[in-house]
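Count residues from 1 along the sequence.
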Amino acid sequence: MSDKPKVKILVVDDEPDIVDLLSYNLKKEGYDVESAEDGVKAVKIAAKFNPDVILLDIMMPHQDGVETCRQLRELPELKNTFIIFLTARSEEYSEVAAFDVGADDYITKPIKPRALMSRIAALFRRESKKEQEFSQIKIKDLTIDRTSYTIDKSGRTITLPKKEFELLYFLAKNPNMVFSRDDLLQNIWGADVFVLARTVDVHIRKVREKIGDDYITTVKGVGYKFELN
């Protein structure tokens, strides 16, 4: 990493021991690290620090991690930032809520530093592969631009959060092909990220709300496809 700008990581947790543990291991790997002890401070620091990755707890004073993630995803400068939840909350509804507001990964405590480093590296490997793909798709009345993460629909610009965009891009890139929830989880979130199948349904619903219902079709009992006809 010495010949490239350092990857910047923001650690957000109200437990000093966890912040110290993560910061130590991340710095040892060559990352540039900042930290915040609550969600309110995290949003302020992130706006200035512009991190590549945010490690985010859920249970924090002043503002919880889910609301913090929602606010972070509203910042245009963080549209390509990976947000990974590190939390003691293992309930399904907490995981669904995290992905619903734009999480890229969800890891339950206790934290294993070496495994976490591997998960972070895997995110960047997948992103590198995606960047090699065509940057723009024109299909029906949509122009889907992967460089700006925007969609042009008949002259109107629509901006989607990262995972919603990637889901639409993937389906549009393979029109009239039906993909199961598992297929979409593998291709959008990756095999090393453990995401509930319901997360796909939530993201499909949100994409439809923003671009309309005439593009992504539900094939009952099978999955979803981008309808070209």
Side-chain angles (χ1 to χ4, degrees), residues 66 69-70 73 79-87 89-108 115-116 118-146 149-151 153 158-229:
V66 173
C69 183
R70 187 190 66 76
R73 284 299 184 211
K79 66 180 180 181
N80 294 323
T81 297
F82 296 113
I83 299 180
I84 303 174
F85 274 84
L86 300 177
T87 176
R89 302 292 293 268
S90 58
E91 310 94 341
E92 180 178 320
Y93 68 83
S94 294
E95 185 172 343
V96 170
F99 284 111
D100 196 17
V101 292
D104 293 286
D105 202 349
Y106 189 97
I107 303 171
T108 54
L116 175 60
S118 296
R119 297 278 275 266
I120 293 172
L123 286 173
F124 283 107
R125 282 198 301 273
R126 286 202 304 276
E127 192 67 15
S128 178
K129 287 177 68 176
K130 289 173 185 174
E131 287 175 356
Q132 296 170 17
E133 298 176 351
F134 294 114
S135 63
Q136 194 176 87
I137 296 174
K138 294 185 179 181
I139 187 165
K140 296 179 81 169
D141 59 346
L142 301 178
T143 300
I144 306 170
D145 192 323
R146 213 173 176 284
Y149 275 73
T150 58
I151 295 97
K153 180 182 179 181
I158 302 169
T159 302
L160 299 180
K162 189 172 185 179
K163 282 292 182 285
E164 292 173 30
F165 179 92
E166 289 177 355
L167 186 56
L168 174 62
Y169 184 91
F170 178 78
L171 289 169
K173 189 178 63 173
N174 301 283
N176 289 333
M177 291 181 61
V178 182
F179 294 93
S180 69
R181 291 174 180 82
D182 285 342
D183 291 333
L184 295 171
L185 288 173
Q186 292 273 342
N187 282 280
I188 307 304
W189 282 268
D192 48 354
V193 177
F194 305 102
V195 185
L196 298 170
R198 280 181 56 195
T199 300
V200 174
D201 301 332
V202 170
H203 282 68
I204 291 287
R205 173 176 56 78
K206 290 189 166 188
V207 171
R208 284 171 170 162
E209 287 173 355
K210 292 165 186 171
I211 69 168
D213 297 329
D214 302 329
Y215 304 94
I216 300 175
T217 301
T218 302
V219 181
K220 288 188 176 181
V222 184
Y224 297 102
K225 69 174 178 176
F226 189 100
E227 189 70 62
L228 195 55
N229 299 325

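- Below 30°, between 30° and 60°, or above 60°: for Trp189 and Phe99 the angle between ring planes is above 60°, a perpendicular geometry.
- For Arg198, the side-chain hydrogen bond (donor to acceptor under 3.5 Å, both in side chains) partners are Glu92, not counting sequence neighbours.
- Taking CG of Leu171 as the start and CZ of Phe226 as the end, the distance is 8.5 Å to the nearest 0.5 Å.
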side-chain hydrogen bond (donor to acceptor under 3.5 Å, both in side chains) between Tyr93 and Asp100, intermediate numbers included: CA-CA 10 Å; Tyr93 68 83; Asp100 196 17; over 6 Å; no
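- Between atom CG of residue Leu168 and atom CD1 of residue Ile211 there is a gap of 4.5 Å, rounded to the nearest 0.5 Å.
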Side chain to side chain contact (heavy atoms under 4.5 Å, CB included) evaluation trace for Ile204 with Thr218: CA-CA 10 Å; Ile204 291 287; Thr218 302; 5.5 Å; no
Residues Ile83, Arg73; criterion side chain to side chain contact (heavy atoms under 4.5 Å, CB included); working and verdict: CA-CA 9 Å; Ile83 299 180; Arg73 284 299 184 211; 3.7 Å; yes
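- Using a 4.0 Å cut-off between a side-chain N of Lys or Arg and a carboxylate O of Asp or Glu, Lys162 and Asp104 do not qualify as a salt bridge.
- Using a distance-only test at 3.5 Å, with no hydrogens or angles considered, a donor-acceptor pair links the side chain of Arg208 to the main chain of Ile216.
- Using a 4.0 Å cut-off between charged side-chain N and carboxylate O, Lys206 and Glu209 make no salt bridge.
- No donor-acceptor distance shorter than 3.5 angstrom exists from the side chain of Lys225 to the backbone of Val219, with no hydrogens or angles considered.
- Side-chain contact between Ile139 and Tyr215: absent, with no pair of heavy atoms (C-beta onward) separated by less than 4.5 Å.
- Residues meeting the side-chain hydrogen bond (donor to acceptor under 3.5 Å, both in side chains) test with Ser180, sequence neighbours left out: Asp183.
- Remark: Ser94 pairs with Glu91 by the side-chain hydrogen bond (donor to acceptor under 3.5 Å, both in side chains) rule, at least two apart or across chains.
- Atom NZ of Lys210 has more than 12 heavy atoms from other residues, nucleotides or ligands within 6.0 Å.
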